[in-house]
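This report concerns only the one structure given below.
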Amino acid sequence: MQEVLALIEQKKQEYAQLPLFDFMQNKTINPRQRLAWAPCAAHFIMNFGELNKYFLRVEPTSDPIQTLINRHTYEDDHHWLWFLEDFKNLELDKSLKFSDALKFLWSEETKNARWLNYQLYRYSSQATPIQKIIVIEVTEATGNIMFSTAAEIGKEIKAITQKPCRYFADFHLDVETGHTTGVSGIEGILQHIQLSEVTRQEAFELVENLFTAFTQFTNDLLVYAETHKIEQQLKAAEILEQAF
């Protein structure tokens, strides 16, 4: 299993080099614009709680690894509430008809957010505890890169607007860091698990496939952030509100 964890760390470092994170760290760009990809990520973020509740969690269980997974899911299944809070504070919650919102969530722009969800569901459904651990480890690895970068933007926004973020903030990063698998005890167990050659190769393939899905999703976020200007959206929303 150590080889699988080493591959996840290697893929995490490669993931950290994606162009979105350069964009998010570019302080010549308005900080809200650097988080303008948030609507494009909504399908993934809003489904993440259900991934934990209905796919990763299994109760009752006598498996010690599944017990630790269950504990993790209870810590991870409600973060979408913080995302909605920040959405309002960032003024991304502009007027939009319900039908238009549904069209957007199932549009070409957001297809890789949906695909990522489907892949996570696919690989978690009827999975062994070890396979679920890999899903969690990859998700935590990508999340650590995203949230550590976004938290710095959250600080900038708070300094400008006096409105604190919770999802895009140290608050969320600290929670994520506090319940990583290493802290909750899973990693120590994993270090001693011996995998057969077939199982190890299947695990390698799972890691590669998941990072591919996360990479496609993340690249879409950058395209969205670069092509949807926050100020233009706010002005359009203001005009729409005045019209009614």
(message) Can a donor-acceptor pair be found, under 3.5 Å and without considering hydrogens, that links the side chain of Lys132 to the backbone of Phe55?
(response) yes
(request) Look at the aromatic rings of Phe168 and Trp37 and report parallel, tilted or perpendicular, splitting at 30° and 60°. (result) perpendicular
(request) Please lay out, stage by stage, how Leu18 and Phe23 fare under the test side chain to side chain contact (heavy atoms under 4.5 Å, CB included). (result) CA-CA 9 Å; Leu18 291 179; Phe23 174 85; over 6 Å; no
(message) Show, in sequence, the C-alpha distance, side-chain angles and deciding distance for Asn70 and Leu56, and conclude whether the side chain to side chain contact (heavy atoms under 4.5 Å, CB included) test is met.
(response) CA-CA 7 Å; Asn70 290 347; Leu56 295 174; over 6 Å; no
(message) When you compare the side chains of Gln17 and Gln13, does any donor N or O come within less than 3.5 Å of an acceptor on the partner?
(response) no
(request) Could you tell me whether the side chain of Gln25 and the main chain of Phe21 form a donor-acceptor pair under 3.5 Å? (result) yes
(request) May I ask you to decide if the ring planes of Tyr224 and His228 are parallel, tilted or perpendicular, using 30° and 60° as cut-offs? (result) parallel
(message) Looking at every non-hydrogen atom in both residues, tell me the closest pair between Ile8 and Glu137 and how far apart they are.
(response) CD1-CB, 3.6 Å
(request) Consider only side-chain heavy atoms of I, L, V, M, F, W and Y, link residues closer than 4.5 Å, and tell whether Ile160 and Leu92 are in one cluster. (result) no
(request) Could you pull out the closest heavy-atom pair between Leu105 and Arg114, with the gap in Å? (result) O-NH1, 3.1 Å
(request) Please step through side chain to side chain contact (heavy atoms under 4.5 Å, CB included) for the pair Leu221 and Met24, ending with a clear verdict. (result) CA-CA 11 Å; Leu221 299 185; Met24 291 173 67; over 6 Å; no
(message) Assigning hydrophobic clusters by single linkage (Ile, Leu, Val, Met, Phe, Trp, Tyr; side-chain heavy-atom cutoff under 4.5 Å), is Val223 placed with Leu20?
(response) no
(request) Answer yes if Leu68 and Val58 sit in the same cluster of Ile, Leu, Val, Met, Phe, Trp and Tyr residues linked by side chain heavy atoms under 4.5 Å apart, and no otherwise. (result) no
(message) Tell me if the NZ atom of Lys158 is crowded by more than 12 foreign heavy atoms within 6.0 Å.
(response) no
(request) Report yes or no: do Ile133 and Val198 belong to one cluster of Ile/Leu/Val/Met/Phe/Trp/Tyr joined by side chain heavy-atom distances under 4.5 Å? (result) no
(message) For the backbone of Lys88 and the side chain of Glu91, can you confirm whether one donor and one acceptor N or O come within less than 3.5 Å of each other?
(response) no
(message) Has Arg34 got a side-chain atom pairing as donor or acceptor with Asn26's backbone, closer than 3.5 angstrom?
(response) yes
(message) So, applying side-chain hydrogen bond (donor to acceptor under 3.5 Å, both in side chains) with Asn112, which one of Asp220, Thr218, Asn117 is it?
(response) Asp220
(message) For a quick test of reading the model, state the closest non-hydrogen atom pair linking His43 to Ala113 and the distance between them.
(response) CB-CB, 4.3 Å
(message) Determine whether Gln10 and Glu14 satisfy the following criterion, side-chain hydrogen bond (donor to acceptor under 3.5 Å, both in side chains), listing intermediate values before the conclusion.
(response) CA-CA 6 Å; Gln10 174 193 328; Glu14 293 174 6; 3.2 Å; yes
(message) If the test is ring-ring contact (aromatic ring centres under 6.0 Å, His included), which one of Trp80, Phe48, Phe83, Trp82 qualifies with Tyr167?
(response) Phe83
(request) Determine the minimum heavy-atom distance between Pro164 and Asn89, stating which atoms define it. (result) O-ND2, 3.2 Å
(request) Dump the intermediate steps for side chain to side chain contact (heavy atoms under 4.5 Å, CB included) on Tyr121 and Tyr54, then the final yes or no. (result) CA-CA 9 Å; Tyr121 292 162; Tyr54 304 130; over 6 Å; no
(request) Determine the interplanar angle of the Phe147 and His172 rings, folded into 0 to 90°, and report it as parallel if under 30°, tilted if 30 to 60°, perpendicular if over 60°. (result) tilted
(request) May I ask whether Tyr74 and Leu51 are part of the same hydrophobic cluster, defined by side-chain heavy atoms of I, L, V, M, F, W, Y residues being less than 4.5 angstrom apart, directly or through others? (result) no
(request) Locate the shortest heavy-atom distance separating Ile65 from Ile130; write the atom from each residue and the value. (result) CD1-CD1, 4.0 Å
(request) Check Glu75 against His78 and note the closest heavy-atom contact, atom names and distance. (result) O-CE1, 3.4 Å
(request) Find the distance between CD (Glu3) and CG (Leu195) and round it off to the nearest 0.5 Å. (result) 7.5 Å
(request) Apply the test salt bridge (charged side-chain N to carboxylate O under 4.0 Å, His left out) to residues Arg200 and Glu197: give CA-CA distance (whole Å), side-chain angles for both, the deciding distance (0.1 Å), then the verdict. (result) CA-CA 5 Å; Arg200 182 162 52 249; Glu197 182 60 28; 2.5 Å; yes
